[in-house]
Amino acid sequence: MTKNKFSLVGKVAIVTGASRGIGRAIATDLAAAGARVVVSSRKQEGVDEAAAAIRADGGEALAVACHVGKAEQRKALVERTLATWGRIDVLVNNAATNLAFSPALQIEESVFDKIMEVNAKGPFELAKACYEALQQAKGSVINIASVEGVRPARMMSAYAASKAALISLTKSLAQEWSPDVRVNVICPGLTRTKFAEPLWSNDDIVREVVSRVPLQRIAEPEEISGLAVFLASDAASYCTGTAFNVDGGYLI
Ligand SMILES: NC(=O)c1ccc[n+]([C@@H]2O[C@H](COP(=O)([O-])OP(=O)(O)OC[C@H]3O[C@@H](n4cnc5c(N)ncnc54)[C@H](OP(=O)(O)O)[C@@H]3O)[C@@H](O)[C@H]2O)c1
């Protein structure tokens with residue numbers, strides 16, 4: 001029988017921000033495709049619960065708390081993964097901090113710094129911390145940015161800038177780390193998660209967004225995760241340095 005090139009059997013994946021939302025959907029789908037998954041976010045109880053759900057479904061998961069903005073916690077996440085499973089094939093940089101949904105004039109310098117630290121510097125540093133293992137495994141990095149990083153809307157300047165930075169870092173690393181490590185970025189549109197609740201719970205905002213989405217609705221987290229499975233798999237062996245939109249057609 002032909003080898004299933006979408007299978008992730010034998011691969012080890014780290015997913016940050018995996019206790020809920022898009023990260024949890026990605027961790028769940030990676031495990032369903034056969035990967036051993038390190039489920040990570042700041043709060044231990046959240047990752048314990050998400051990892052237990054994956055195990056209950058027959059998958060393999062390890063729960064490790066890590067704030068992606070903190071160097072010592074990033075280092076511990078990589079060490080714990082290697083000590084447990086001895087390899088890293090996939091890093092999904094999904095965790096991000098708040099949208100700071102407000103006019104630029106009201107965004108404090110400290111808030112801007114925190115958004116950049118968690119959304120752009122954290123993923124960059126975690127990818128570097130995983131590089132040696134990824135190189136050995138001929139693995140891949142999947143960053144989760146946003147359509148905001150491509151077409152910034154009003155009231156999200158700092159967040160949009162952090163996502164544009166992540167898209168740019170993806171393209172830089174893809175060049176520097178080829179041919180051993182592939183690096184890609186997914187740009188979701190508005191998705192029904194806790195993170196984006198201030199947006200999708202506001203009827204006026206939803207109406208405005210949906211009016212520019214050909215598929216005429218916002219996304220569910222499970223509609224973003226399939227692309228991550230593809231990018232993690234051997235089926236994506238010729239994909240690197242690319243920003244993939246999963247946005248219902250918003251960026252057409
Ligand atoms: N929802 C959307 O409309 C949308 C659209 C485009 C892009 N995105 C992107 O998709 C990604 C996931 O967002 P989501 O909507 O799924 O959010 P979510 O449901 O609120 O989940 C966020 C996850 O990140 C974790 N987290 C937050 N800060 C963290 C930190 N500093 N270090 C490590 N983990 C952290 C949270 O758990 P803890 O609280 O335990 O840390 C949680 O697991 C983000 O990169 C976001 O920018 C979302």
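Here the structure is a predicted model, which means the values were calculated and not measured. Numbering of ligands and ligand atoms starts at 1, following listing order.
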Is it true that [X] lies under 4.0 Å from ligand 1, counting heavy atoms only?
X: A50; answer: no
X: A25; answer: no
X: R192; answer: no

Is [Y] paired with [X] through a side-chain N to carboxylate O contact shorter than 4.0 Å?
X: K138; Y: D180; result: yes
X: R87; Y: D89; result: yes
X: R217; Y: E223; result: yes
X: D29; Y: R24; result: no

Minimum non-hydrogen distance to atom 6 (C) of ligand 1, winning option of C187, S40, S162, P188 | P188
Report the member of A219, A96, G189 with the shortest heavy-atom distance to atom 4 (C) of ligand 1.
-> G189
Ligand-residue contact atoms, ligand 1 with [X], heavy atoms, under 4.0 Å:
X: G21; answer: 16 (O), 19 (O)
X: A196; answer: 1 (N), 2 (C), 3 (O)
X: H67; answer: 31 (N), 32 (N)
X: Y159; answer: 7 (C), 8 (N), 9 (C), 46 (C), 47 (O)
X: A18; answer: 43 (O)
X: A95; answer: 33 (C), 34 (N), 35 (C)
X: L190; answer: 3 (O)
X: I22; answer: 10 (O), 16 (O), 48 (C)

Identity and distance of the protein heavy atom lying nearest [atom]:
atom: atom 1 (N) of ligand 1; answer: T193 OG1, 3.0 Å
atom: atom 24 (O) of ligand 1; answer: G17 CA, 3.2 Å
atom: atom 3 (O) of ligand 1; answer: T191 N, 2.7 Å
atom: atom 36 (C) of ligand 1; answer: R20 NH2, 3.8 Å
atom: atom 43 (O) of ligand 1; answer: S19 OG, 2.6 Å
atom: atom 32 (N) of ligand 1; answer: V68 N, 3.0 Å
atom: atom 40 (O) of ligand 1; answer: S41 OG, 2.8 Å
atom: atom 45 (O) of ligand 1; answer: N94 O, 2.7 Å

Using a 4.5 Å cut-off on heavy atoms from C-beta on, say whether the side chain of C187 contacts that of D247.
-> no
Same apolar cluster: V141 and L126, side chain cutoff 4.5 Å | yes
I26, I14: one ILVMFWY side-chain cluster at the under-4.5 Å cut-off?
-> no
Using heavy atoms and a threshold below 4.0 Å, how should the contact between [X] and ligand 1 be classified: side chain, backbone, both, or neither?
X: W200; value: neither
X: P221; value: neither
X: C66; value: backbone
X: E148; value: neither

Does R151 make a cation-pi contact with Y250 (under 6.0 Å, within 45 degrees of the axis)?
-> yes
S140 (side chain) donor-acceptor with V90 (main chain) under 3.5 angstrom | no
With no hydrogens and no angle check, is any side-chain donor or acceptor of T191 less than 3.5 Å from a backbone partner on T193?
-> no
Tell me whether the centres of the aromatic rings in Y159 and F112 are closer together than 6.0 Å.
-> no
Please determine if R42 has a nitrogen or oxygen closer than 3.5 Å to a nitrogen or oxygen of ligand 1.
-> yes
Measure up the F244 and F230 rings against each other and bin them: parallel (under 30°), tilted (30 to 60°), perpendicular (over 60°).
-> perpendicular
Just do the salt bridge (charged side-chain N to carboxylate O under 4.0 Å, His left out) check on E125 and K128 with the steps written out, would you?
-> CA-CA 5 Å; E125 291 297 327; K128 284 162 58 187; 3.1 Å; yes
Looking only at side chains, do T16 and N94 share a donor and an acceptor under 3.5 Å apart?
-> no
For R192 and E220, what are the C-alpha separation, side-chain angles and deciding distance, and is it a salt bridge (charged side-chain N to carboxylate O under 4.0 Å, His left out)?
-> CA-CA 5 Å; R192 198 184 314 278; E220 303 299 328; 2.9 Å; yes
